[in-house]
Amino acid sequence: MDVAAPTRVSLPPLLVDELGALLGDRVSTAAADLDQHSHGESYHAAHAPDVVVWPESTDEVAAVVRACAAARVPVVPFGAGTSLEGHVAALHGGVTLDLTRMNRIVEVRDGDLDATVQAGVTRKQLNAHLEPRGLFFAVDPGADATLGGMASTRASGTNAVRYGTMRENVLRLTVVLADGRVITTGTRARKSAAGYDLTRLFVGSEGTLGVITELTVRLFGVPEAISAAVCAFPDVRSAVSAVMEAIQLGVPVARIELLDDVQIAACNAFSDLTLAVAPTLFFEFHGTTRGVAEDAETVQQICAGYGGTAFEWATRAEERSRLWTARHNAYYAGRALRPGGQGIATDVCVPISRLADCILETKEDLVGCPVPVALVGHVGDGNFHLTFVVDPDSAEEHAAVARLHDRLVRRALEMDGTCTGEHGIGSGKLDYLEAEHGAGVDVMRRIKAALDPDGILNPGKVLRP
């Protein structure tokens with residue numbers, strides 16, 4: 001599940017001086033800064049860059065990339081560092097571009113329901129700015145990630161079943177190419193038939209085709225009414241069957257999350273909840289007061305038909321916040337099942353009609369697993385996650401988890417699904433990308449070679465060198 005030790009590129013001695021001339025004191029070779037930028041939230045091995053820089057504008061990013069291109073030195077974009085597949089590790093050394101100081105909200109256009117922001121703006125920062133306007137940005141991966149990072153990994157999250165992923169919510173990008181050129185992809189128009197869709201080419205490219213420095217995103221009006229609910233089920237199949245019926249009936253649920261009994265127990269302990277320890281669905285409904293009440297009543301009836309019990313409402317903002325905070329902390333709650341353990345998180349996504357089979361076969365596979373493992377999923381769109389908690393020093397446990405992980409991904413691919421619904425490929429799922437796309441990977445290599453012929457942009461990610 002990890003990559004072999006990569007070869008580091010030799011950094012020309014004068015490059016640090018050149019970067020210093022461009023950015024002043026916003027350049028660092030301090031050990032603490034290099035270590036901080038050597039890894040994200042994932043279990044993958046850390047690889048430190050040779051230097052970290054903090055640009056504050058697209059022009060500064062372009063200047064840094066031009067300097068690195070001339071020296072053929074790797075460039076690794078870095079946002080909040082919350083990715084889970086080794087995206088930000090500097091596998092070959094080089095320069096890490098920390099974009100967090102590019103955190104300016106450029107413009108919000110209430111009438112058009114869109115906003116233009118620099119890549120280092122986080123989703124919570126944007127939503128705090130939008131709240132007085134009665135607007136919000138809908139993509140919610142849980143972590144307070146930067147929007148540039150979310151676009152780079154094609155993030156989604158709990159709201160995707162209603163509002164879509166970053167693929168649907170990014171209208172336009174400003175991108176620095178591997179040679180330092182700056183391009184703008186797309187317009188603010190809601191549709192276009194003009195040429196290749198470059199915006200969606202860069203969304204999900206994980207920093208391997210260009211560095212996203214600015215993006216224009218869709219906004220939505222805050223709903224008149226919001227209501228959340230939890231419902232426990234006798235087994236996983238019953239819970240997933242209820243989800244499938246609600247989706248097939250067209251009930252406009254904003255969020256549908258599944259937590260298995262292990263994850264519920266972990267969340268109870270970590271977030272001080274008292275939920276029944278059983279497979280559980282978390283729902284959220286958005287709309288008018290009357291519409292939300294009708295949708296929630298429909299879903300409650302569906303759940304009851306599948307043995308759902310203890311249907312509990314959370315209508316006050318603080319109650320909903322507590323519930324969804326617990327859901328967003330599920331990864332950390334899972335890790336807390338084994339103090340000192342290392343979390344190995346992965347995800348797959350399958351067609352909704354195969355979701356119950358995929359989850360149940362996976363749960364059967366996990367019987368006898370030597371480490372704690374919790375399941376949580378955005379089941380409204382067929383995506384679910386596992387978190388294994390291993391002894392970081394146990395080669396046996398790592399090998400056992402690697403075998404289980406391989407069977408999980410192969411199962412999803414056999415069901416016409418994908419090896420990752422939202423974590424991305426990074427350096428951890430290179431082989432599975434090839435298994436999923438076959439000859440299509442060669443087309444991806446040709447695109448990479450055309451845009452980054454020297455391979456300096458986040459090398460070792462998405463495509464095996």
Side-chain angles (χ1 to χ4, degrees), residues 1-8 38-47 74 76 83-92 152-156 201 204-209 342-351 354 358-359 361-362 365-366 369 371 373 375 382-388 390 392 394-449 451-452 455 457-465:
M1 295 170 68
D2 218 330
V3 294
T7 302
R8 293 182 70 88
S38 68
H39 59 89
E41 290 280 357
S42 74
Y43 66 92
H44 300 85
H47 295 273
V76 180
S83 60
L84 292 169
E85 286 292 350
H87 297 88
V88 296
L91 299 179
H92 302 277
S152 294
T153 55
R154 201 184 298 127
S156 54
L201 175 64
S205 64
E206 302 182 16
T208 63
L209 301 180
Q342 179 185 48
I344 295 180
T346 189
D347 82 312
V348 295
C349 189
V350 296
R354 302 306 310 273
C358 192
I359 289 179
E361 290 180 27
T362 298
D365 224 15
L366 296 175
C369 177
V371 306
V373 54
L375 182 150
N383 181 208
F384 69 94
H385 309 248
L386 296 179
T387 300
F388 300 89
V390 304
S394 172
E396 293 81 6
E397 289 186 3
H398 277 270
V401 169
R403 290 191 293 270
L404 290 166
H405 175 260
D406 184 72
R407 289 206 289 272
L408 167 68
V409 175
R410 302 290 177 188
R411 180 180 301 114
L413 295 181
E414 288 170 4
M415 292 180 173
D416 223 9
T418 176
C419 65
T420 175
E422 60 186 27
H423 289 184
I425 297 297
S427 60
K429 287 190 171 179
L430 299 174
D431 291 335
Y432 298 126
L433 182 73
E434 297 184 3
E436 181 173 328
H437 288 287
V441 173
D442 183 59
V443 177
M444 298 181 196
R445 291 187 190 282
R446 290 171 183 267
I447 294 170
K448 169 71 170 174
L451 293 177
D452 182 18
L457 294 178
N458 212 6
K461 319 296 170 55
V462 182
L463 300 170
R464 195 174 292 286

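All values reported here derive from a predicted model rather than from experimental measurement.
Note that the CE atom of Met444 and the OG1 atom of Thr208 stand 10.0 Å from one another [nearest 0.5 Å]. For the atom pair Phe384 CZ and Cys358 SG, the distance stands at 4.0 Å (nearest 0.5 Å). In this structure, CD1 on Ile344 lies 10.0 Å from OG1 on Thr387, to the nearest 0.5 angstrom. The NE2 atom of His405 lies 10.0 Å from the CZ atom of Arg410; values are rounded to the nearest 0.5 Å. In this structure, CD on Glu436 lies 4.5 Å from SG on Cys419, to the nearest 0.5 angstrom. Note: Arg411 CZ to Arg354 CZ = 11.0 Å, rounded to the nearest 0.5 Å.
Side chains of Leu91 and Lys461 form a contact here, defined as non-hydrogen atoms less than 4.5 Å apart. Residues Leu375 and Leu366 fail the side-chain proximity criterion, which asks for heavy atoms closer than 4.5 Å. Within the 4.5 Å cutoff, the side chain of Asp347 has heavy atoms near those of the Asn383 side chain. Within the 4.5 Å cutoff, no side-chain heavy atoms of Arg464 are placed close to those of Leu433. Considering only heavy atoms from C-beta on, Val348 stays 4.5 Å or farther from Met415 through its side chain.
Contact detail for Gly86 and Ser42: the closest heavy-atom pair is N-OG, 3.4 Å. The two residues Leu408 and Thr346 have their closest heavy-atom pair at CD2-CG2, 3.8 Å.
With hydrogens and angles disregarded, a donor-acceptor distance shorter than 3.5 Å links the side chain of Asn458 to the backbone of Glu206. At distances below 3.5 Å, not a single donor-acceptor pair connects side-chain atoms of Asp365 with backbone N or O atoms of Leu404. Here the side chain of His39 pairs no donor or acceptor atom with the backbone of Ala89 at under 3.5 angstrom.
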Stepwise side chain to side chain contact (heavy atoms under 4.5 Å, CB included) check, Thr418 with Tyr432 = CA-CA 9 Å; Thr418 176; Tyr432 298 126; over 6 Å; no
message = Apply side chain to side chain contact (heavy atoms under 4.5 Å, CB included) to residues Glu361 and Arg407 and explain how you reach the verdict.
response = CA-CA 10 Å; Glu361 290 180 27; Arg407 289 206 289 272; over 6 Å; no
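Partner of Leu209 under the side chain to side chain contact (heavy atoms under 4.5 Å, CB included) criterion, chosen from Asp452, Leu457, Leu201: Leu201.
Salt bridge present: Glu434 and Arg445 bring a charged side-chain N and a carboxylate O closer than 4.0 Å.
Defined by atom type and a distance below 3.5 Å, a donor-acceptor pair is missing between the side-chain atoms of Glu85 and His423.
For Arg154, there are no salt bridge (charged side-chain N to carboxylate O under 4.0 Å, His left out) partners, not counting sequence neighbours.
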